[in-house]
2 protein chains.
Amino acid sequence: MSVSLAVAPKQGHASTAGYVPAPWNAPEDRDGLDLTGVAMHVAADHQIYAEGDEARCFYKVVGGVVRTCRFLSDGRRQIDAFYREGDVFGFEAGAEHRMAAEAITESTVIAYRRRGLEAVVAQDDRLSRWFFSHAMTCMALAREHSLLLGRASAAQKIAAFLQEVALRDGSGNVIELVMSRQDIADYLGLTIETVSRTLSQLERDRVIGLPSARRVVLKDCRALRALNA
Amino acid sequence: MSVSLAVAPKQGHASTAGYVPAPWNAPEDRDGLDLTGVAMHVAADHQIYAEGDEARCFYKVVGGVVRTCRFLSDGRRQIDAFYREGDVFGFEAGAEHRMAAEAITESTVIAYRRRGLEAVVAQDDRLSRWFFSHAMTCMALAREHSLLLGRASAAQKIAAFLQEVALRDGSGNVIELVMSRQDIADYLGLTIETVSRTLSQLERDRVIGLPSARRVVLKDCRALRALNA
DNA sequence: CGAATACTTGATGAGACTCAAGCGCCGTGG
DNA sequence: CCACGGCGCTTGAGTCTCATCAAGTATTCG
């Protein structure tokens, strides 16, 4: 099931294709998403959909990690969110995707047709509630992110990011970063150098440990929280 | 109907109270919100609800302008959005309001009970669609805002803001700003001084005119758009 | 008219970006 | 096995933008 038609990414940007559709059924899905979808396998750094693509589907991650982002004309990128197992992404108000979605690691997602969704939702009470809750939660997250981007120093952004990841992964004090420094920078509205420098500084201050580039040990969570003002 | 129990605002922050409840019915509302709500009149710079308040209601603006915002421990403020006639605000995923809502000008809003909303929505197809669309649009707006906060210079932020306001008001090239410089600054993640300086610079560059502090004339919309990269 | 409030302008400094090397890891090929 | 690149990350030096501090002007309101 891990076929991958790996097309080489160009210029550091993810490229399209690289997935194999397969039928998928989730009649007893715990999240309340009992719709029928199609599983897709996506190679690392490949696009699931592009900015401007017709929004035919939305997606759920069943394996790997996905980022949604937008590109500015000057080539810079703003990452809106990271999605991992169980997360749903790709909802749109309009007919087009406003952001691109790309797999960070080799990933598996389920694509659900959007067409007819509204009708189904109107009939299914449970589904309706789920979607509501989901939409509201997304909004809340987007607003948290705005707060972070608008009113925080580099150190505060990094601290908040680490806590966010730690909370999501749940696993103790050691964090595995699946995303690159560039991804983190584009998520926090910083440069790669500032991310690196700030992490190094936090290590020097004994707040975190960096046994390797992609592994972070939270040593002083109190100090980390204190940074958030 | 313009009774206002004006309580003096403290320290530049909006204070609670200052509204008079009155029954309101909107059976043939064009927006699809045919729920029964209660109209409230709110004096300028007074709070509609505070951060942390129980989220019993959501609201629709029928007159005036409202801002939603959060306060940081250092006293700074991040404004999430401005709402005007017809806009709906105050939806929450959880039990509490995550942001405060305050009237910028003397305003009238209708409060709708949240309790039982989900049931009503599940039954009413049209209402259900409307809520969906609304939630999705809110998300899209929140993400635009993130993009602006994360990846834009002061000039770009101001330019985007002016275009946003011009688009919403729709009326030609003259913009009436109902909000203060501080509001604009807190919305864009800038300081009041930078907002002022940037507007002055744009005027010197003949991109805009500033006949008075709260009035902006868009002179060179092309240049304004060009700033947005 | 005076006081308060809102806004503008100037000088200075801190924080983050830019440009530029310099590491360290890893896969490739000799 | 080691040399060689490539890539991702780190570190340093200099610059620039925007925040801060501090007046100064305009407008509103009693």
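A, B, ... follow the sequence lines: proteins, then strands. Residue 1 opens every chain. What you see is a predicted model, and the numbers here were worked out from it, not measured in a lab.
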Where the side chain of B/Ser200 is defined as all heavy atoms beyond and including C-beta, which of C/dA16, C/dT9, C/dC7 is the nearest nucleotide?
C/dT9
Suppose the criterion is ring pair (Phe, Tyr, Trp, His ring centres under 6.0 Å): which pairs have a residue in residues 152-208 of chain B, not counting sequence neighbours?
B/Phe82-B/Tyr187, B/His145-B/Tyr187, B/Phe161-B/Tyr187
Please confirm whether the backbone N or O of B/Ala55 pairs with a side-chain atom of B/Arg114, one donor and one acceptor, at under 3.5 Å?
yes
Hey, can you pull the residues of residues 152-165 of chain A with a non-hydrogen atom under 4.0 angstrom from DNA chain C?
A/Ser153, A/Ala154
Any side-chain N or O of A/Thr191 below 4.0 angstrom from OP1/OP2 of C/dC17?
yes
Under 3.5 Å between N/O atoms: give me all the protein pairs with nucleotides 19-22 of chain C, atom names plus distance.
| residue | atom | partner | partner atom | Å |
| --- | --- | --- | --- | --- |
| C/dC19 | N4 | A/Glu193 | OE2 | 3.0 |

Side-chain donor or acceptor of B/Thr105 paired with backbone N/O of B/Val65 under 3.5 Å:
yes
Heavy-atom side-chain proximity of A/Arg143 to B/Thr68 below 4.5 angstrom
no
Donor-acceptor contact below 3.5 Å, side chain B/Ser200 vs main chain B/Ser196:
yes
Whole-Å gap separating P (C/dT8) and CG (B/Leu177)
10 Å
Integer-rounded Å distance: D/dT20 P and B/Gln182 CD:
11 Å
Is a donor on one side and an acceptor on the other found under 3.5 Å between the side chain of A/Gln78 and the backbone of B/Ser146?
no
Per atom distances to the B/Ser196 side chain, the nearest of C/dT9, D/dG8, C/dC17 is C/dT9
Indicate yes or no: at least one non-hydrogen side-chain atom of B/Arg214 is less than 4.5 angstrom from one of B/Ser180.
yes
Output every pair passing salt bridge (charged side-chain N to carboxylate O under 4.0 Å, His left out) with a member in residues 154-181 of chain B, not counting sequence neighbours, ordered by first then second residue.
B/Arg84-B/Asp169, B/Asp87-B/Arg168, B/Glu176-B/Arg215
Rounded to the nearest angstrom, tell me the gap between atom CD in B/Glu203 and atom P in C/dT8.
9 Å
Can you tell if the side chain of B/Pro211 reaches within under 4.5 Å of the side chain of B/Val217, non-hydrogen atoms only?
yes
Integer-rounded Å distance: D/dT10 C1' and A/Ile208 CD1
13 Å
Taking CG from A/Leu190 and P from D/dT10, how many angstroms apart are they, rounded to a whole number?
14 Å
Taking the six-membered ring for Trp, are B/Tyr49 and B/Tyr59 ring centroids under 6.0 Å apart?
yes
State which of D/dG8, D/dT10, D/dC18 makes the closest approach to the side chain of B/Thr194.
D/dC18
According to the salt bridge (charged side-chain N to carboxylate O under 4.0 Å, His left out) rule, which pairs have a member within residues 182-207 of chain B, sequence neighbours left out?
A/Arg151-B/Asp186, B/Arg67-B/Asp183, B/Arg77-B/Asp183, B/Arg77-B/Asp186
Tell me: CD1 of A/Ile192 to C1' of D/dT10, nearest whole Å?
9 Å
Heavy atoms under 4.0 Å, any strand shown: does B/Arg214 hit a base, just sugar-phosphate, or nothing?
sugar-phosphate
Using modelled atom types only, decide if a donor and an acceptor are shared between the side chain of B/Glu51 and the backbone of B/Ala100 within a distance under 3.5 Å.
no
Can you give one letter per nucleotide of nucleotides 25-30 of chain D, 5' to 3': B if a protein heavy atom sits under 4.0 Å from the base, S if only from the sugar-phosphate, - if neither?
------
Atom CG of A/Asp183 and atom P of D/dC9 are separated, to the nearest Å, by 9 Å
Whole Å only: how far is the CZ atom of A/Arg151 from the P atom of D/dC18?
14 Å
